[in-house]
> 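Handing you this structure, nothing more for now.
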Amino acid sequence: MPVLDRESSQDPKGGDGLPKLPLPALKDTLDMYLKCMKHLLTEDQYLKTLNIVKQFGAPGGLGELLQRKLTERRANQANWVYDYWLNDMYLNNRMALPVNSSPAIVFPQQSFRAPIDSLRFAAHLISGVLEYKSLLDSRALPVDYARGQLAGTPLCMEQYYRLFTSYRLPGAERDTLVAQESSVMPEPEHIIVACKNQFFVLDVVINFRRLKERDLLTQLEKIVRMAESEEERLPPIGILSSDGRKEWSESRCVLMRESTNRDSLDMIERCLCVVCLDEGSAPLLNDTNRALMMLHGGGVAKNGGNRWYDKPMQLIIGADGCCGVVCEHSPFEGIVLVQCTEYLLKYMVGSPSKLVRAASVSELPAPRRLRWKCTPEIHKLLSASADKLQRLVMNLDMKVHKFTDYGKEFIKKHKMSPDAYIQIALQLAYYRCHGRTVSTYESASIRRFQKGRVDNIRSATPEALLFVKAMTDGKFTSDPEKMEMLRSAITAQTKYTILAITGMGIDNHLLGLREIAKDMKIEKPEIFNDEAYRISNQFILSTSQVPTTVEMFCCYGPVVPNGYGVCYNPQSDHIIFCVSSFHESPQTSSAEFVKCLVEGLFDMGDLCNKCNPGSNSNKPTLTLEMQTQTEANWRKLFAL
Ligand code: COA
């Protein structure tokens, strides 16, 4: 498989008509870097950094040299930061994919009355995948246009074409994102079905024809029967793919010594996607438990081995109706995953199941079980990987919360950006929990540009800090003053958002300067060895807006051991928050964070209503009775 290098998105021949990602001016980035970090550092740290940054940016200095090289790189490449970013964000990261890197989408709870119902659901879903794949293959997917801030510009579509064609190959030092070329003609194609930790090849194009839903169901039934056979059961090799990337690359080398294993790996690496037929697992099927099941499968005792984490799309269908998708993140962003998933769910609603009562009459060859030759060495590796997965499972502290007091319409009525408002609420929540603000990451799409992925909105602005202090520190600040501070924090956040989505963010630029110095074999510039740079990249709050138009939500884990991952989904009258952290960190607690978040959202909502009484038509002021009720719900929620 060739390394993923396709240039185009909209136009298969290359050149998608989108502008190239701009390169910000060196001075602008350095000034903004100082502004972003000043209030997150001690005075001494800041003074040291100020000096280092000044030296770096001095006329005729190293910064200017690197900037010139980046300008040349921009002239020669479709997107000057793309490879640097991909390696830095994903492929160089040695952490295990589940929880640490792979986000999940959680579907609405399904009610399967009998085991066959879950297979019908799976067959219907796979039909949707094949339908979507043919849209992709014929390049018939309509171009996305930006919504929200600076709406209306076309967006790069390249990420969509990687959904079913890529694979993340583990490497000793760096992974590789590989891709198959897709073709308009239906060629032999297959899906891998995981069932009871066994892997089966389900051919979905036979004799140049895509399998119909009825045939898919028949094949899935055969798979379930085959998986049930105790004598033929093989070890849960999928567990190996849940390990750290270095460890998995080493285990993969051991597996590859046997030709049987090589053949099986090859089938997995070339499949369209993995469909995981899971056993019922969660004790209580609330949103939080379903999110956990999607993120890590519940460990070896549950469905942890029924996965193959290198494959971008893993559709999970639990016998208990707990369903969703877990995705390998390097080929595409959550927004693209949501678009595809929404298509599948809408397809299932809009095109009623085409199953007839009788089973398929066609004589299809039985799906093939993938064989593994397992030496004692492999058994040992499996057991080590299983232990690590178990630790990850025990460590993840997740809380999904639906905030129903108001949603984005209320915020819009107050003439504020809902996204900025939610970001300020997250700053307030962190400050209330921990008494300080920290480096924060918010993903900002740069799909307005060729091969555009994301940059970072640094939401911990000085203006946000002033506001959260005023809301928390107990010193008297009048409501109009607080409102003024909120507006100023929102304005700063919105300005940064526009900066980032127009390609003028600082994170990609700093990364580019760092990496081009490495390419030039120049000693690492001091600015990147500085403590401030380390702090700036330690994203204790890692946040992302992933909105949906279908009932479902996205979630992911934290990116640092003492941090939070916060994925939110703003809807017109409510907001879904998925907050994650690690139990092993004594500093964090997802429940506590959610508690502070909800409290802050109440306070901010009240502040808006008090200061702008004319704009509150969407959110009734709390009557005493309602207040008591809210408090009761609140206490119940946190078992106070
Ligand atoms: N007054 C009234 N309405 C306002 C407003 C204001 N001052 N400011 C914004 N709005 C409206 C917008 O017009 C928009 O309206 P719409 O719902 O009719 O489209 C709505 O509020 C939402 O806008 P906003 O909250 O400002 O955010 P956004 O939709 O522009 O999103 C980002 C901002 C940063 C999240 C978005 O640009 C982005 O990059 N998204 C991708 C994130 C991503 O990649 N996530 C996945 C990572 S894996």
Side-chain angles (χ1 to χ4, degrees), residues 85-86 89-90 100-105 144-153 155-156 158-160 162-163 312 325-342 406-426 440-449 452-459 461 486-505 507-508 539 542-549 553-557 559 565-573 575-576 578 580 608 612 615 618:
W85 176 89
L86 186 65
M89 186 67 118
Y90 296 111
N100 300 309
S101 176
S102 298
I105 298 273
D144 291 343
Y145 284 84
R147 301 200 52 201
Q149 302 289 346
L150 310 183
T153 49
L155 301 177
C156 176
E158 201 177 77
Q159 296 176 37
Y160 286 96
R162 300 189 196 118
L163 280 160
V325 188
V326 62
C327 88
E328 198 292 287
H329 210 336
S330 64
F332 46 81
E333 254 65 68
I335 303 295
V336 166
L337 170 70
V338 164
Q339 292 287 338
C340 167
T341 311
E342 289 197 346
Y406 56 87
K408 65 176 180 174
E409 288 312 315
F410 168 78
I411 306 168
K412 280 200 224 173
K413 282 205 171 103
H414 284 279
K415 310 218 169 2
M416 289 182 272
S417 145
D419 187 70
Y421 183 99
I422 294 167
Q423 284 293 328
I424 306 300
L426 295 174
T440 304
Y441 183 99
E442 183 198 0
S443 22
S445 171
I446 48 171
R447 283 177 59 210
R448 285 171 173 79
F449 304 100
R453 296 293 299 263
V454 285
D455 202 341
N456 177 16
I457 304 167
R458 292 190 162 264
S459 305
T461 60
L486 173 58
R487 288 222 176 262
S488 148
I490 297 266
T491 304
Q493 177 72 18
T494 309
K495 270 191 189 158
Y496 205 127
T497 300
I498 290 172
L499 199 83
I501 63 178
T502 53
M504 306 303 278
D507 283 56
N508 282 347
F539 294 112
S542 162
T543 72
S544 192
Q545 181 189 143
V546 184
T548 63
T549 61
F553 60 88
C554 181
C555 55
Y556 54 78
V559 297
V566 185
C567 190
Y568 53 95
N569 180 352
Q571 295 292 319
S572 46
D573 62 352
I575 310 165
I576 301 171
C578 300
S580 58
C608 291
N612 310 281
S615 318
N618 200 41

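When a ligand or atom number is given, it counts from 1 through the structure's own listing order.
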> Can you see whether Glu342 engages Thr549 through a side-chain donor-acceptor pair at a distance of less than 3.5 angstrom?
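Yes, side-chain donor-acceptor contact under 3.5 Å.
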> Please list, by chain and number, the protein residues whose heavy atoms come under 4.0 Å of ligand 1.
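Residue list for ligand 1: Arg147, Gly148, Gln149, His329, Glu333, Gly334, Ile335, Lys408, Lys412, Lys415, Met416, Ser417, Pro418, Asp419, Glu442, Ser443, Ala444, Ser445, Val454, Ile457, Thr497, Ile501, Ser544, Gln545, Val546.
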> Can you sort out the partners of Tyr90 under ring pair (Phe, Tyr, Trp, His ring centres under 6.0 Å), two or more places apart, ordered by chain and number?
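Tyr90: ring pair (Phe, Tyr, Trp, His ring centres under 6.0 Å) contacts with Trp85, His329.
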> Between Asp419 and Gln149, does the side-chain contact (heavy atoms from CB on, under 4.5 Å) criterion hold? Intermediate values first, please.
CA-CA 10 Å; Asp419 187 70; Gln149 302 289 346; over 6 Å; no
> If you look only at pairs with a residue in residues 489-498, which of them pass as a salt bridge (Lys or Arg N to Asp or Glu O under 4.0 Å), with sequence neighbours excluded?
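Qualifying pairs, neighbours excluded: none.
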> Looking only at side-chain N and O atoms, does Asn569 offer a donor or acceptor that is under 3.5 Å from a partner on Gln571?
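Looking only at side-chain atoms, Asn569 and Gln571 do form a donor-acceptor pair, the distance falling under 3.5 Å.
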> According to ring pair (Phe, Tyr, Trp, His ring centres under 6.0 Å), who are the partners of Tyr441, at least two apart in sequence or on a separate chain?
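For Tyr441 the ring pair (Phe, Tyr, Trp, His ring centres under 6.0 Å) partners, ignoring immediate neighbours, are Phe539.
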